2 protein chains.
Amino acid sequence: MDINGPVESTVIEERPGRRRLPPQERRQQIIDGAVAFFAEVGFDGKTRDLAKRLGVTQSLLFNYFATKDELIEAVYEHVYLNRLAPDWPDRLTDRSVPLRDRLLAFYKEYSTLIFQYEWMRIFISSGLSGAELNRRYLKHLGELILKPVLHEIEFAARSDEVPTMEDIWNLHGGIVYIGIRQHIYRTPCPDDPSVAITRAVDRFLLAFGVEQG
Amino acid sequence: MDINGPVESTVIEERPGRRRLPPQERRQQIIDGAVAFFAEVGFDGKTRDLAKRLGVTQSLLFNYFATKDELIEAVYEHVYLNRLAPDWPDRLTDRSVPLRDRLLAFYKEYSTLIFQYEWMRIFISSGLSGAELNRRYLKHLGELILKPVLHEIEFAARSDEVPTMEDIWNLHGGIVYIGIRQHIYRTPCPDDPSVAITRAVDRFLLAFGVEQG
DNA sequence: AATCTTATTGAGCAAATGATCTATAATTCT
DNA sequence: AGAATTATAGATCATTTGCTCAATAAGATT
């Protein structure tokens, strides 16, 4: 017996006629669709194709976004927003936790966030087209994440060598490259990148004599 | 006194009228211009803009290439061709040379080849758009370069750990990422990447106990 | 049930764009 | 120098594409 409310509400209604949605909701639906669409075909994808995929008229898009560029801007914001969790700087510098654990926790969490089709492709596309948000994101990443990582490794280093910022970018790049191979090049990749990440982090720490438990 | 022939022949003639070139030469000129153009604006750049940059009519382009896609294909071939020097597999496996020297020689040579505006951007653009040449290139890279590198490091390894193919891709990705930051993200980068490369290679070799002179 | 509000549609415009075709003039050959 | 060849230009076509606007109907209100 169905006592938990209308299950049929979860069934997608294939009603071919027009479907009237609250503007807020429709706007979000368009953005979500646009993210998936532009990730797949690039920002030169045609608004008519996007509309067709949404099951909606092309002219409707321009009711919610004055221009295509404005829609793309909304896509940027939706994708870039909250990708850098605000608590990472604190967690990365919490010296009550072994540095290796902090780094592994960060990169495993971060990689599940960014090793996603839509993020990877929109990130690279927007980088290619010189989007301001892209440069801002990388600057934030450097300042809020990588620079603290540098200092933590410096602090924990037991060897005479100490890492440079370029070394940190190298560590980071090697890891990000997994996502690039997966979603940009569409090359065969390990299903679970965490072992490659672990090994990369361990090699890095080893080079600077950081204790690894 | 000018006795060494007509110097003025090296002066670029700003003749505004039509300039008739041998087809072979014009074709090459168009390809070269297209490489620079598409690298800058992406493959959705307009043929009219390309023609204007070349100082030539748009219709002329279609005299040399039946379609825009055919032109792009020619751009791919021009850019991808001979990027992987055929002697690297041999040089990388020449055990009369210390492994570290071989790796450093390869990556310094390879990085000067690929850390270039046009290559980097066309490589990434073509990867995004799923070009077949891109996947073929990466497959070749893996088979002809990275797999030998793996075996050489395995052979030279003095630690109990031995690298995996994923580790090699990680080494490679960390290095390539320099070029991505430079030309895709247009982020501040070291003028000379060779010190970062050297340090990355040394960290890698250290992790597997390879002698480093 | 009738009315009102407005989200959505469908037709269509103006500019952009890939591609075509004929006229023109640069270069070569005789 | 004149004729022949053909690389190039200029005009133009057929679609495509971002965008507009008046008409329509879905859902809320009374």
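Residue numbers begin at 1 in each chain, while the letters A, B, ... track the order of the sequences. Values in this document were obtained by computation on a predicted structure and should not be read as measured data.
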Side-chain donor or acceptor of B:His172 paired with backbone N/O of B:Leu146 under 3.5 Å: no
Atom pair distance, as rounded to whole Å: CG in A:Asp49 and P in D:dC19: 15 Å
First encountered from the 5' end of DNA chain D, between A:Gly45 and A:Asn63: A:Gly45
Which atom pairs link the protein and nucleotides 10-12 of chain D when you take only N or O atoms and keep those under 3.5 Å?
from: D:dG10; atom 1: O6; to: B:Ser59; atom 2: OG; distance (Å): 2.7

Whole-Å distance separating the NZ atom of B:Lys46 from the P atom of C:dA16: 11 Å
Sugar-phosphate only, base, or nothing, as touched by A:Phe65 at under 4.0 Å among non-hydrogen atoms: nothing
Integer-rounded Å distance: D:dC19 P and A:Leu50 CG: 13 Å
Whole angstrom value for the distance that separates P of C:dG18 from CD1 of B:Ile72: 9 Å
Length of the CD-C1' vector between A:Glu25 and D:dG27, whole Å: 13 Å
With A:Lys108 via salt bridge (charged side-chain N to carboxylate O under 4.0 Å, His left out) - residues at least two apart: none
Pairwise distance CD1(B:Ile168) to CD1(B:Ile145) - rounded to 0.5 angstrom: 12.5 Å
Side-chain donor/acceptor of A:Arg19 to base of C:dT8, under 3.5 Å: no
Stacked cation flag A:Arg95 on A:Phe155, 6.0 angstrom / 45 deg: yes
Short side-chain N/O contact from A:Arg26 to OP1 or OP2 of C:dT8, under 4.0 Å: yes
Exercise: do B:Tyr107 and B:Ser194 side chains pair donor with acceptor under 3.5 Å: no
side-chain N/O B:Thr47 vs C:dT17 OP1/OP2, d < 4.0 Å: no
Sugar-phosphate, base or nothing in reach of A:Leu21, heavy atoms under 4.0 Å: sugar-phosphate
For atom CD1 of A:Ile30 and atom P of D:dC19, their distance in whole Å: 14 Å
Nearest-Å distance for atom pair CG/C1', residues A:Asp44 and C:dT17: 13 Å
Ring centroid separation B:Tyr137 to B:Phe123 under 6.0 Å: yes
Distance below 4.0 Å between A:Tyr64 side-chain N/O and C:dA7 OP1 or OP2: no
Closest listed nucleotide, where the reference is the side chain of B:Arg20 and the choices are D:dT5, D:dA25, C:dA19: D:dT5
Sugar-phosphate, base or nothing in reach of B:Pro22, heavy atoms under 4.0 Å: nothing
Distance, rounded to the nearest Å, where A:Asp69 contributes CG and D:dT17 contributes P: 16 Å
Summary of ring-ring contact (aromatic ring centres under 6.0 Å, His included) pairs that have at least one residue in residues 54-77 of chain B, sequence neighbours excluded: B:Phe43-B:Tyr76
